[in-house]
Amino acid sequence: MAKLKILKIGDETLRRVSRPVDAITPRIQRLLDDMIDTMRAADGVGLAAPQVGVLRRIVVIETPDEGLIELINPKIIAYSGEQESEEGCLSVPGRYGITKRPMNVTVRALDRNGKTFDITGSGLLAKAFCHEIDHLDGKLYVDVALRMLDN
Ligand code: ZN
């Protein structure tokens, strides 16, 4: 396990579209482990593979209520409601913004053993699903923020 370098806004890699994972190899599982270490060391709620320079559709999320969630090739399959709340990103250090996101989001993904599962999140988790999946398409929350909270 290792802590990886987190790319910051302005790095071109963050703007590229990540490719799906077609085979879950030990290398992919090792990447998941390293992403978890990196997210925890940075005290983040989520981390997407492109943020550590790997253009693959892999996300890790950890919230106090839901614990650790690993998503490979995640897709949003349903959403409802809306929430306006504060959002930040490990790739945009020291800044926060207000975004509008769905209140409830259901994601379909593969787990680290290649098994398909669906997971529904509300509030913070719904926001994290949207934020992290956006990273896989080269998007940052600052692109969609209603306003930034700069001090
Ligand atoms: Zn982010």
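In each ligand, atom 1 is the first atom listed, and ligand 1 is the first ligand listed.
Distance alone, capped at 3.5 Å, places no donor-acceptor pair between the Arg19 side chain and the Arg56 backbone. A donor-acceptor pair under 3.5 Å is formed between the side chain of Gln29 and the backbone N or O of Arg112.
At a cut-off of 2.8 Å, measuring from the Zn ion (ligand 1), the protein N, O or S atoms that fall short of it are Cys89 SG, His131 NE2, His135 NE2, waters left aside.
Shown are Arg95, Arg101, Lys100; of these, the side chain to side chain donor-acceptor pair (under 3.5 Å) with Glu87 is made only by Arg101.
Between the OG1 atom of Thr120 and the CG atom of Asn104 there is a distance of 8.0 Å, given to the nearest 0.5 Å.
Side chains of Thr99 and Lys127: a donor-acceptor N/O pair is absent below 3.5 angstrom, by distance only. Under 3.5 Å, the side chains of Thr63 and Asp65 contain no donor-acceptor pair of N or O atoms.
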